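Note that the structure is a prediction, hence the values are computed from the model and not measured. Order of the sequence lines sets the chain letters (A, B, ...), proteins ahead of strands, with each chain counted from 1.
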Amino acid sequence: AQSVTQPDIHITVSEGASLELRCNYSYGATPYLFWYVQSPGQGLQLLLKYFSGDTLVQGIKGFEAEFKRSQSSFNLRKPSVHWSDAAEYFCAVGARRDDKIIFGKGTRLHILP
Amino acid sequence: GAVVSQHPSWVICKSGTSVKIECRSLDFQATTMFWYRQFPKQSLMLMATSNEGSKATYEQGVEKDKFLINHASLTLSTLTVTSAHPEDSSFYICSARDRGGFNEQFFGPGTRLTVL
C-alpha cells in the first residue's frame with residue numbers, strides 16, 4: 001500500500017540550530033516527492049520537489065532534501081532555522097501518471113528563542 | 001506564477017443551509033483540481049478529484065450528495081456543502097494541477113467553514 005510516514009509529530013529546535021525532518025515512503029512506482037509547509041490557518045506552500053536526477057534537492061527558504069532510494073526516505077534539512085520557520089511540514093508522494101498525491105501526517109516544528 | 005485562490009476565506013453558516021466555496025487558478029489552466037479537508041492539527045484528507053467538463057471522482061467515504069463539486073472551466077472549480085451540519089465544520093483546501101505540467105499541485109489558501 002502507498003503511504004508516507006513522518007515519524008516525528010513534534011520537533012523543537014533552538015533558533016540557529018540545524019534541522020532535519022524525517023520522511024519515509026512506501027510506493028510501488030517511481031515516486032515524485034514533495035515537502036510542503038503550512039502556517040496556521042493557511043494553505044500549503046511547496047518547499048521543494050524531487051522528480052528525477054540529482055538526489056539532493058534545493059528548495060526555497062534555505063531548505064534542502066535528499067532522496068535515498070535504498071532507504072525509501074526523503075528527509076528535509078536546514079542548516080540554521082529561523083523563528084519564522086515554525087510551522088507544520090508535510091511530506092508527500094505521488095507518481096508521474098497518477099493524479100493523487102499522498103500526504104504524511106505532518107511534523108509540527110517549534111522554535112526556541 | 002501558479003497562483004490558486006479560494007473564496008471565501010472563511011464562512012459561518014447555520015445548520016441546514018448550503019455553502020459554496022470557489023477555487024480558481026489565476027494564471028494557469030487546470031484540467032484537474034482537488035478538494036481536501038483538514039481537521040485541526042491533522043493532515044489533508046483528499047475528498048475528490050475534479051476534471052474540467054466531467055463528473056468528479058470522490059474518495060471512499062465521501063458523500064457525493066453532501067459535497068457537490070463542479071469544474072465548469074479550466075480555471076474554476078466549486079465545492080458546495082449541502083445541508084451543512086456542525087460536523088461539516090472544517091478547513092477546506094483546494095489545489096490545481098497545471099495542464100501541461102508534471103504531477104505538481106498548487107494549493108489555495110483554504111476556506112474555514114463553521115456551521116452553527
Side-chain angles (χ1 to χ4, degrees), chain A residues 1-11 21 23-25 27 29-53 57 59-60 65 86-110, chain B residues 1-10 21 23-26 30-52 54 56-60 62 71 90-99 101-114:
Chain A
Q2 303 162 357
S3 65
V4 178
T5 301
Q6 293 180 248
D8 303 305
I9 299 173
H10 294 273
I11 281 190
L21 302 183
C23 173
N24 293 94
Y25 68 90
Y27 206 80
T30 301
Y32 285 8
L33 295 157
F34 309 87
W35 274 100
Y36 289 91
V37 61
Q38 184 181 35
S39 297
Q42 301 296 314
L44 274 68
Q45 181 181 24
L46 180 67
L47 288 175
L48 46 79
K49 60 183 182 283
Y50 171 78
F51 288 165
S52 64
V57 181
I60 63 171
E88 188 88 19
Y89 291 80
F90 292 98
C91 180
V93 63
R96 181 189 298 271
R97 298 190 184 281
D98 187 354
D99 283 345
K100 303 177 189 178
I101 60 175
I102 300 167
F103 286 86
K105 292 185 181 297
T107 297
R108 180 161 294 276
L109 175 63
H110 305 271
Chain B
V3 178
V4 176
S5 70
Q6 279 184 245
H7 178 79
S9 56
W10 58 270
I21 302 170
C23 177
R24 293 182 184 273
S25 57
L26 298 185
T31 52
T32 305
M33 289 185 170
F34 305 85
W35 288 95
Y36 295 86
R37 183 173 181 177
Q38 186 179 32
F39 292 100
K41 300 183 179 181
Q42 295 191 27
S43 189
L44 282 74
M45 180 191 78
L46 179 64
M47 299 174 64
T49 302
S50 77
N51 292 293
E52 186 262 340
S54 62
T57 302
Y58 291 81
E59 294 299 300
Q60 190 173 7
V62 177
H71 192 158
S90 193
F91 193 54
Y92 293 88
I93 303 176
C94 75
S95 70
R97 190 164 69 111
D98 195 332
R99 184 177 193 176
F102 288 102
N103 187 14
E104 177 180 348
Q105 297 180 24
F106 302 96
F107 286 81
T111 297
R112 172 74 58 193
L113 170 63
T114 301

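When the options A:F34, A:F90, A:Y36 are evaluated for a ring-ring contact (aromatic ring centres under 6.0 Å, His included) with B:F107, the one that passes is A:Y36.
Applying the 6.0 Å contact sphere to CD1 of A:I9 captures no more than 12 heavy atoms from other residues, nucleotides or ligands. Heavy atoms of other residues, nucleotides or ligands lying less than 6.0 angstrom from NE2 of B:H7 number 12 at most.
Atoms NZ and CD, from A:K49 and B:Q105 in turn, are 13.0 Å apart once rounded to the nearest 0.5 Å. Taken from CD1 in A:I101 to OG in B:S95, the straight-line distance is 6.5 Å, to the nearest 0.5 Å.
Heavy-atom pairs under 4.5 Å with chain A peak, among B:V4, B:I93, B:L44, at B:L44.
A distance-only check finds no donor-acceptor pair linking the side chain of B:S43 to the backbone of A:G106 [under 3.5 Å].
Interface remark: B:Q38 contributes side-chain atoms only to the contact with chain A (heavy atom separation under 4.5 Å). Only the side chain of A:L46 comes within contact range of chain B, judged by heavy atoms closer than 4.5 Å. When heavy atoms are compared at a cutoff of 4.5 Å, A:Q45 does not approach chain B at all.
A:Q42 approaches B:F91 most closely through the heavy-atom pair O-CE2, 3.5 Å.
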